[in-house]
Number of protein chains: 2
Amino acid sequence: MTRSQQEQEQEFHAVTLERPSIVDARDAVADGIDRGALVTVFGRCTVEYDGRASSTLDAGDRHVMLKPDGAALVHTDEGQQPVNWQPPGCDHEVSCERRDADADRSDAAENAGGTGTETETETTGTTETLTLESVRSTPDERLLVRFRNVLQVSAFSGTDETELALSGTEEDLRQRLLDEPDLLEPGFTPLATERDTAAGAIDIYGEDDAGRTVVVELKRRRVGPDAVSQLRRYVDALGRDLHADATVRGILVAPSVTDRAKRLLTEHGLEFISLEPTAT
Amino acid sequence: MTRSQQEQEQEFHAVTLERPSIVDARDAVADGIDRGALVTVFGRCTVEYDGRASSTLDAGDRHVMLKPDGAALVHTDEGQQPVNWQPPGCDHEVSCERRDADADRSDAAENAGGTGTETETETTGTTETLTLESVRSTPDERLLVRFRNVLQVSAFSGTDETELALSGTEEDLRQRLLDEPDLLEPGFTPLATERDTAAGAIDIYGEDDAGRTVVVELKRRRVGPDAVSQLRRYVDALGRDLHADATVRGILVAPSVTDRAKRLLTEHGLEFISLEPTAT
DNA sequence: CGTTCCATATCGCTA
DNA sequence: TAGCGATGTGGAACG
């Protein structure tokens, strides 16, 4: 094995502790963070969040992931979304805390202090907690996870230089229409994309065969009222930007529209063309 | 230890395999899924998705989570969001596949078939893959993760009966305004919430001290043009629903607005009141 | 189921 | 950094 291969191998590994002590867990998490690893902790914990909003979560068994870019994720056994999280850019800190054994059940006891209740209880078995804290600024946000029981700590190292190749996006729909403008209507001529107006940028700006200005708003999927409002904003703004007498057509391009959106389109003299991001 | 405690203990545990064989990994994943555990796999894999859109991801080291509710998450070491995923409601399947060693680098070789290239290569060391597949319908979607190298498989069992307590939401802002209507303006009287119109439901519907109809749209944070359009839709719709001569005021309530939104408000004769979800 | 709208939305781009 | 709009948005409430 060459030196290069050794280094690569060294980068691709996992360290796992099962049922570690709180202190061992702390050391493993700290080491993983220091080495730029992706760290996971599974166990019984409470969660507190304060920042754009505030939340608390009582004790339960959850999976926590700390990423080297500063992101933090707390997952329960349900849902695609984490129950609590922190965006990339945070500083992760890990520590041990000696807490009142009742504190995790009721934060009312948080300020009780060492009043002799630090003995073990039959339900918790320990008064020590593994504390994970992820903090960032702009906006100021703080996530706090306290484990009273840790079943597993892991630190994963690896490489991922690849990029996702995705198709079926609004960008694909745009290319499809620019490649074949007649899909909108015969004689349509695209003149610009992302054309700026006082209300924002128009997806596709062009002219119809009669020389009338056309504003095209693209959506990759079935649309509701919000997309109609968006198109309307652009048509209004362009009408002001150009002469007051100029005729501006607004066309929504999407696979389909809801009934309410259809009504709004009609109400405001806007049009709809059914088109999907990829050819069927 | 009582029987009840034993059962509870049995529910809270983790099974971990480090550097398992592909076959052992398959068995551990299958067992975890069968037992309703949260299963994680870390290793070098490729990912394919097809459904609402389509995507492919070349080989890299990633963390995969399979939840008992059918959700699947593929995480790299960066970003809060998974690089690929599947929503709850999927069926997870796990299997071993014998594949052409080059197949994971280029799917062009996928249909090559057994043409004698199944010998091990120096870079992969094996031609077997651990394949995770998560499928659902409505819409038809399929996620396929193929591991060439598995560093860890874990299956976590636990309980989480708690619910998140969250504050600082739009609902809090609504309650704040309903409790103290003068925060909007002296003499404001709320008459209904979620009042339905042809354009959708109004957050708060009421009257000012002069008996004029008031439409209030709430946002928990700083708003842009979309919120103004939304308010405008409701005001327009209510104007049609009521008599044509009725005066309808539209008031946007949020912590702050962007310049462009401010301009749109003025353009359409709408108003703005600065208010946050929670008292400062 | 589909529709509608909120979200600690997140993410990428641009001025 | 803030604004703006897309997202395989996800999720809940409602019809």
Side-chain angles (χ1 to χ4, degrees), chain A residues 49-55 71-74 78-89 136-143 164 166-174 194 196-197 199-203 217-227 230 233-234 256-262 277, chain B residues 49-55 71 73 78-89 136-143 164 166-174 194 196-197 199-203 217-227 230 233-234 256-262 277:
Chain A
Y49 160 76
D50 195 63
R52 287 168 289 175
S54 298
S55 73
L73 302 167
V74 182
E78 288 185 342
Q80 174 179 338
Q81 299 301 129
V83 64
N84 277 115
W85 69 91
Q86 202 66 297
R136 73 162 181 165
S137 49
T138 329
D140 281 342
E141 286 186 302
R142 177 170 169 269
L143 181 72
L164 186 73
L166 180 66
S167 67
T169 64
E170 180 179 306
E171 170 63 19
D172 291 319
L173 177 57
R174 183 165 70 99
E194 301 297 314
D196 213 42
T197 73
I202 295 169
D203 282 340
E217 175 60 30
L218 306 171
K219 294 295 173 187
R220 68 168 298 280
R221 65 172 190 175
R222 183 174 174 85
V223 296
D226 54 340
Q230 196 181 343
R233 284 205 305 274
Y234 299 152
S256 59
V257 293
T258 65
D259 284 350
R260 190 171 273 170
K262 186 77 177 166
Chain B
Y49 161 77
D50 195 63
R52 286 170 289 174
S54 299
S55 73
L73 303 167
E78 288 185 339
Q80 174 179 337
Q81 298 302 128
V83 64
N84 276 115
W85 69 91
Q86 202 66 298
R136 73 160 180 166
S137 50
T138 329
D140 280 342
E141 287 187 301
R142 178 171 167 268
L143 181 71
L164 186 74
L166 180 66
S167 66
T169 65
E170 182 179 304
E171 170 63 19
D172 292 318
L173 177 57
R174 183 166 71 97
E194 301 296 316
D196 212 42
T197 73
I202 296 170
D203 282 341
E217 173 62 29
L218 306 170
K219 294 294 172 189
R220 66 168 299 281
R221 63 173 192 174
R222 182 174 175 86
V223 295
D226 53 340
Q230 197 180 344
R233 284 206 305 275
Y234 300 151
S256 58
V257 293
T258 66
D259 284 349
R260 191 171 273 171
K262 185 82 176 162

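Proteins get letters first, then strands, A, B, ... in listed order; numbering begins at 1 in each. Basis for what follows: all heavy atoms, side chains included, without hydrogens, waters or symmetry-related copies.
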Between [N] and [M], how far is it from one [atom1] atom to the other, in whole Å?
N: D/dG8; M: D/dC4; atom1: P; value: 23 Å
N: C/dT8; M: C/dT4; atom1: P; value: 23 Å
N: C/dC11; M: D/dG11; atom1: P; value: 15 Å

Listed pairs, N/O of protein and of nucleotides 12-14 of chain C, under 3.5 Å:
none

Could you tell me whether the side chain of [Y] reaches within less than 4.5 Å of the side chain of [X], counting heavy atoms only?
X: B/Lys219; Y: B/Gln230; answer: yes
X: A/Pro277; Y: A/Glu170; answer: no
X: A/Asp226; Y: B/Asp226; answer: no

Item to check | Distance-only donor-acceptor check, side chains B/Thr169 and B/Arg220, under 3.5 Å | outcome: no

Next on the checklist: Just to verify, what does B/Arg221 make a side-chain contact (heavy atoms from CB on, under 4.5 Å) with, not counting sequence neighbours?
Outcome noted: none

Item to check | Set of side-chain contact (heavy atoms from CB on, under 4.5 Å) partners for B/Pro82, sequence neighbours left out | outcome: B/Leu73, B/His75, B/Trp85

Checklist entry - Listed by chain and number, what are the salt bridge (Lys or Arg N to Asp or Glu O under 4.0 Å) partners of B/Glu78, not counting sequence neighbours? => result none

Item to check | With sequence neighbours excluded, residues passing salt bridge (Lys or Arg N to Asp or Glu O under 4.0 Å) with B/Arg52 | outcome: B/Glu141

Checklist entry - What string of B, S and - do you get for nucleotides 5-15 of chain D 5' to 3' if you count protein non-hydrogen atoms under 4.0 Å? => result SSSBBSS----

